[in-house]
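The shown structure was predicted, so the numbers you read here are calculated from the model rather than taken from an experiment.
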Amino acid sequence: STTISSDVVQLSYTVPVSNPVQDVSGNDASSFVGVTATQADCSTIQTGSGPYHGALVGTKYYVYNYDYFGASSPDTISVIDTVTNANIGTITVGNSPRFIIPVGTELYVFNQDSNSISIIDTTTDSVVNTIALGRYILSATLVGQSIYLSAAATPAVLVLDTVTNTITATIPFPAFNNPGASFLVGDVLYVSKGSDIVAIDTLTNTITNTIAVAQGGHAFYLVGTQLYALNYNGGSVSVIDTLTNTVTDTLAIGGQPLHATLVGNNLYIANRVNVFVVDTTTNTVINTLVVGSIPSGSALVGSLLYVLNYSSQNISIVDTTNNTVVDTVLVGTNSTQIIHIGNQLYLLADLVKSNFKTFDLNTNALTVCPLSHALVYSAGPNGSITGTTFQLVADGADGTAVTAVPNAGRVFSGWSDGSKANPRTDTNVTSNVTVTANFGAVASGGGGGSGTSGQTIDTTPVPPPAPDSGCTNEPCS
């Protein structure tokens, strides 16, 4: 039950005199020395190729496997039970799933290379419908019962009615300017388009404003009535007043602003080099935090901001109460997505992998296997054990029953730790248990074999007869 930090451990083990184990060739083994064993990895969840992002429905997390380097063939959604971190299902969808939009009990999966939508019923975890779009979707936003799709090829925003699963409107964009990321504020949908941001009135499905920014908005963050558009290629952040649809400020932070997290009035913006702390009441940079190499994602848990660093394969933990990096934890993965679920973080989008890592927020480390204990039961001479003689149980859990069975003419006399229980079940186990069942001889009852079979020998001393006084007739004096 000792925690081992290395990946490989050396075992030295000597088997008991009775009931020896067998080696791999089937021969009785008296000992194992220097056997190499790989430590169990409980921080890794197996998926399809290229797990990128997903959607949470109840306790199930649906991960779409992007398979960036794979062949053009149907890809999959991996269904993860977030309580046990087990992969409990695989759903085949179209080629290169790129977005997931939950709508009630259904998931709309947008397949980039097959230009289609796979609709999954999360009560059965099966595809119930497939919609052919005929064009590549760049982003999707749910507005009421409709999904607004930024479509490439023939630049337009498509409006999909999720009740009928039909396109009910097409909002054209100027040629050679594909719509990109989108964000809803009230009834207005803001859509990135080249070096502009287009405002669409979703009540009339018409473009009402075109707002010039620097090199397009890569991502949007709303603070009050101010919309912060991260201009990935322009190295800046445009601040848009959503009441007037005008740019009121531009923050030159350099680099390539990729993502941000709002903490109170402060917006933490990562530009693939550092994390800049912007006071949104004054729109000024009040701090610059040096983290790992290429910060690519972040998640806020309480007052701590967990910044995932792609190239340095670590997480910088920032205390947002004083804007200091309080810890750096190696995670060993080139992930770009960090998802907060319960008491853990999912580290996704290492596209060369078919798995992803989990991070335990209770320990601020990669998830380790839960503490467990070994229950080892063996039989001494003249008996055997029924039940599972080697059990591995979680800390505080119960084992299963084992029974000591004596050979003919023998009886069970107790366990080596003093217990007389038979059958025996160890409960609330908090340490390893190794015990031997002991067996004793039985008497036939004496008198030339008569008596009850299996009677235990009575070793209580018998007092001697009273001495002879010589008196044969009563009364004696």
Item to check | Test log, rule side chain to side chain contact (heavy atoms under 4.5 Å, CB included), inputs Phe110 and Ile101 | outcome: CA-CA 8 Å; Phe110 297 87; Ile101 299 290; 3.6 Å; yes
Item to check | Stepwise side chain to side chain contact (heavy atoms under 4.5 Å, CB included) test for Ile197 and Val191 | outcome: CA-CA 6 Å; Ile197 293 174; Val191 183; over 6 Å; no
Next on the checklist: Run the side chain to side chain contact (heavy atoms under 4.5 Å, CB included) test on Leu56 and Tyr62 for me, step by step, so that the C-alpha distance in whole Å, both residues' side-chain angles and the decisive distance to 0.1 Å come before the verdict.
Outcome noted: CA-CA 6 Å; Leu56 183 66; Tyr62 293 78; over 6 Å; no
Next on the checklist: Would Ile200 and Val157 count as a side chain to side chain contact (heavy atoms under 4.5 Å, CB included) here? Give the steps.
Outcome noted: CA-CA 10 Å; Ile200 297 174; Val157 170; 4.0 Å; yes
Next on the checklist: Checking Asn111 against Tyr136 for the side-chain hydrogen bond (donor to acceptor under 3.5 Å, both in side chains) test, could you report, in this order, the C-alpha distance in whole Å, the side-chain angles of both residues, the deciding distance, and whether it holds?
Outcome noted: CA-CA 8 Å; Asn111 306 305; Tyr136 169 30; over 6 Å; no
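Between Val278 and Thr284, the closest side-chain pair of non-hydrogen atoms is not below 4.5 Å. Looking at heavy atoms from C-beta onward, Phe183 lies out of side-chain contact with Leu189 at the 4.5 angstrom threshold. Side-chain contact between Tyr268 and Leu289: present, with at least one pair of heavy atoms (C-beta onward) separated by less than 4.5 Å. Considering only heavy atoms from C-beta on, Asn129 stays 4.5 Å or farther from Val127 through its side chain. Here the side chains of Leu366 and Val368 are not in contact, with every heavy-atom distance at 4.5 Å or above. Within the 4.5 Å cutoff, the side chain of Leu361 has heavy atoms near those of the Leu345 side chain. Using a 4.5 Å cut-off on side-chain heavy atoms (C-beta onward), Phe356 and Leu347 make no contact. Val237 has its side chain within reach of Ile253: a pair of non-hydrogen atoms, C-beta onward, lies under 4.5 Å apart.
Here the straight-line distance linking atom CD1 of Ile338 with atom OG of Ser298 works out to 7.5 Å at 0.5 Å rounding. With rounding to the nearest 0.5 angstrom, the CG atom of Leu243 is 4.5 Å from the OG1 atom of Thr225. To the nearest 0.5 Å, atom CG of residue Leu160 and atom CD1 of residue Ile131 are 5.0 Å apart. Put simply, CG on Leu375 and CG on Leu392 are 8.5 Å apart, with the number rounded to the nearest 0.5 Å. The distance from the CG atom of Leu300 to the CG atom of Leu304 is 8.0 Å, given to the nearest 0.5 Å. Atom-to-atom distance recorded for Asn355:CG and Ser49:OG is 10.0 Å, nearest 0.5 angstrom.
Defined by atom type and a distance below 3.5 Å, a donor-acceptor pair is present between the side-chain atoms of Ser236 and Asn231. Side chains of Thr82 and Lys60: no donor on one and acceptor on the other come within 3.5 Å. Using modelled atom types and a 3.5 Å distance limit, the side chains of Asp75 and Tyr64 yield no donor-acceptor pair. Ser116 and Thr130 are not linked by any side-chain donor-acceptor pair at a separation below 3.5 angstrom, with hydrogens and angles left out of the test. Looking at Thr328 and Asn314, their side chains never bring a donor and an acceptor atom within 3.5 Å of each other. Counting only N and O atoms by type, the side chains of Thr400 and Gln391 include a donor and acceptor under 3.5 Å apart. Judged by distance alone, the side chains of Asp201 and Thr206 never bring a donor and an acceptor atom under 3.5 Å apart. One side chain, Ser316 or Asn309, offers a donor N or O that lies under 3.5 Å from an acceptor on the other. Counting only N and O atoms by type, the side chains of Asp426 and Tyr377 include a donor and acceptor under 3.5 Å apart. With no hydrogens or angles considered, a side-chain donor-acceptor pair links Asp113 and Ser96 at under 3.5 Å. Gln313 and Asn334 form a side-chain donor-acceptor contact under 3.5 Å, judged by distance and modelled atom types alone. A side-chain donor-acceptor contact under 3.5 Å links Asn65 and Ser78. The closest side-chain donor-acceptor pair between Thr333 and Asp350 falls under 3.5 angstrom. For the residue pair Asn364 / Tyr306, a side-chain donor-acceptor distance below 3.5 Å is found, with atom types taken as modelled.
Here Asn85 pairs with Ile45, Gln344, Tyr346, Thr358 under the side-chain contact (heavy atoms from CB on, under 4.5 Å) rule; sequence neighbours left out. For the side-chain contact (heavy atoms from CB on, under 4.5 Å) test, residues two or more places apart in sequence or in another chain that qualify with Asp395 are Leu371, His373, Thr430. Every residue meeting the side-chain contact (heavy atoms from CB on, under 4.5 Å) condition with Gln337, not counting sequence neighbours, appears here in chain and number order: Tyr52, His53, Leu348, Ala349.
The side-chain tip of Arg98 points at the ring of Tyr66 from less than 6.0 angstrom away and within 45° of straight on.
Heavy atoms only, all atoms of each residue included: Thr202 and Asp187 are closest at OG1-O, 2.6 Å. Between Phe359 and Ala365, the closest heavy-atom pair is CZ-N, 3.5 Å. Residues Gly399 and Val429 approach most closely at N-CG2, 4.5 Å, considering heavy atoms. Annotation for Ala374 and Asn432: closest pair N-OD1, 2.9 Å, computed over non-hydrogen atoms. A pairwise comparison of heavy atoms in Val109 and Pro97 identifies CG1-CB, 3.6 Å as the closest pair. Of all heavy-atom pairs spanning Asn283 and Asp249, the tightest one is CB-OD2, 3.5 Å.
Here the rule is side chain to side chain donor-acceptor pair (under 3.5 Å) with Thr141, and of Ser182, Ser150, Ser146 only Ser182 fits it. Of the residues Leu227, Leu184, Leu230, the one that meets the side chain to side chain contact (heavy atoms under 4.5 Å, CB included) test with Phe220 is Leu227.
Using a distance-only test at 3.5 Å, with no hydrogens or angles considered, no donor-acceptor pair links the side chain of Ser293 to the main chain of Ser312. A distance-only check finds no donor-acceptor pair linking the side chain of Asp81 to the backbone of Ile88 [under 3.5 Å]. Side-chain atoms of His259 come within 3.5 Å of backbone N or O of Gly297 as a donor-acceptor pair. No side-chain donor-acceptor contact under 3.5 Å links Thr105 to the backbone of Thr122. With hydrogens and angles ignored, the 3.5 Å screen pairs a side-chain donor or acceptor of Asn271 with a backbone N or O of Gly254. Remark: the backbone N or O of Thr47 is not paired with any side-chain donor or acceptor of Ser354 at under 3.5 angstrom. Between the side chain of Ser114 and the backbone N or O of Asn95, at least one donor-acceptor pair lies under 3.5 Å. Side-chain N or O atoms of Thr162 include one that pairs as donor or acceptor with a backbone N or O of Gln145 at under 3.5 Å. The backbone N or O of Val213 sits nowhere less than 3.5 Å from a side-chain atom of Ser238 that would complete a donor-acceptor pair.
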